[in-house]
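Counting convention: from 1, in listed order, for ligands and their atoms alike. Note that the numbering runs from 1 along the sequence shown for the chain.
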Amino acid sequence: MRRVNPFSRRLFWQGLGASLALVTTRRAVSTHEGTHVVDVKVSGFEFAPAAVEIIAGDTVVWVNHDIAPHTATAVEGDWDTGTLEKGEEARIIFKEPGLHRYFCAYHPHMTGEIRVRSKPGG
Ligand SMILES: [Cu+2]
């Protein structure tokens with residue numbers, strides 16, 4: 001395949017070496033280097049998973065799979081995805097550690113929570 005030129009092949013092996021190193025030194029290496037994106041599916045009038053645990057700086061993405069519109073609206077009122085129609089998504093970056101409970105503004109029985117832990121070593 002033309003795409004596998006010597007350069008990208010070398011990158012591939014470097015990547016493999018890095019992941020092997022991660023496995024062997026797992027205890028010493030943080031599982032959260034850089035930021036992560038966590039998906040929450042909004043489907044069947046539920047947030048799935050309803051409880052999510054992330055590290056400060058991570059992003060949560062809500063994707064609405066229902067025909068009904070939904071929101072993810074913070075109970076504390078400090079963030080809100082706004083209305084998500086079917087197929088739409090919204091992302092929110094959580095920078096501060098803490099527990100964020102949220103609900104759907106259209107269907108308040110739909111609830112979820114995001115637990116944001118502090119960044120290791122910071
Ligand atoms: Cu809803």
Chemist: Would one find more than 12 heavy atoms of other residues, nucleotides or ligands at under 6.0 Å from atom CD of Glu76?
Modeler: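 Not buried by this count: 12 neighbours or fewer within 6.0 Å.
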Chemist: Check the pair Asp78, His100 against side chain to side chain contact (heavy atoms under 4.5 Å, CB included), reporting the backbone distance first and the verdict last.
Modeler: CA-CA 9 Å; Asp78 50 340; His100 299 262; 4.2 Å; yes
Chemist: What is the ring orientation for His109 with Phe45, classed by angle as parallel under 30°, tilted 30 to 60°, or perpendicular over 60°?
Modeler: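 Parallel, since the angle between the ring planes stays under 30°.
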Chemist: I need the protein N, O or S atoms closer than 2.8 Å to the Cu ion (ligand 1), given as residue plus atom name.
Modeler: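 Checking every protein N, O and S atom gives His70 ND1, Cys104 SG, His107 ND1.
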Chemist: For Trp62 and His70, does a side-chain donor sit closer than 3.5 Å to a side-chain acceptor?
Modeler: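 Distance-only check fails for Trp62 and His70.
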Chemist: If you draw a 6.0 Å radius around CD in Glu46, do more than 12 non-hydrogen atoms from other residues or ligands fall strictly inside?
Modeler: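 Counting neighbours around CD of Glu46, 12 or fewer heavy atoms of other residues, nucleotides or ligands fall under 6.0 Å, so no.
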Chemist: Given the rule that I, L, V, M, F, W and Y join up when any side-chain heavy atoms are under 4.5 Å apart, are Val63 and Phe94 in one cluster?
Modeler: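 No, separate clusters.
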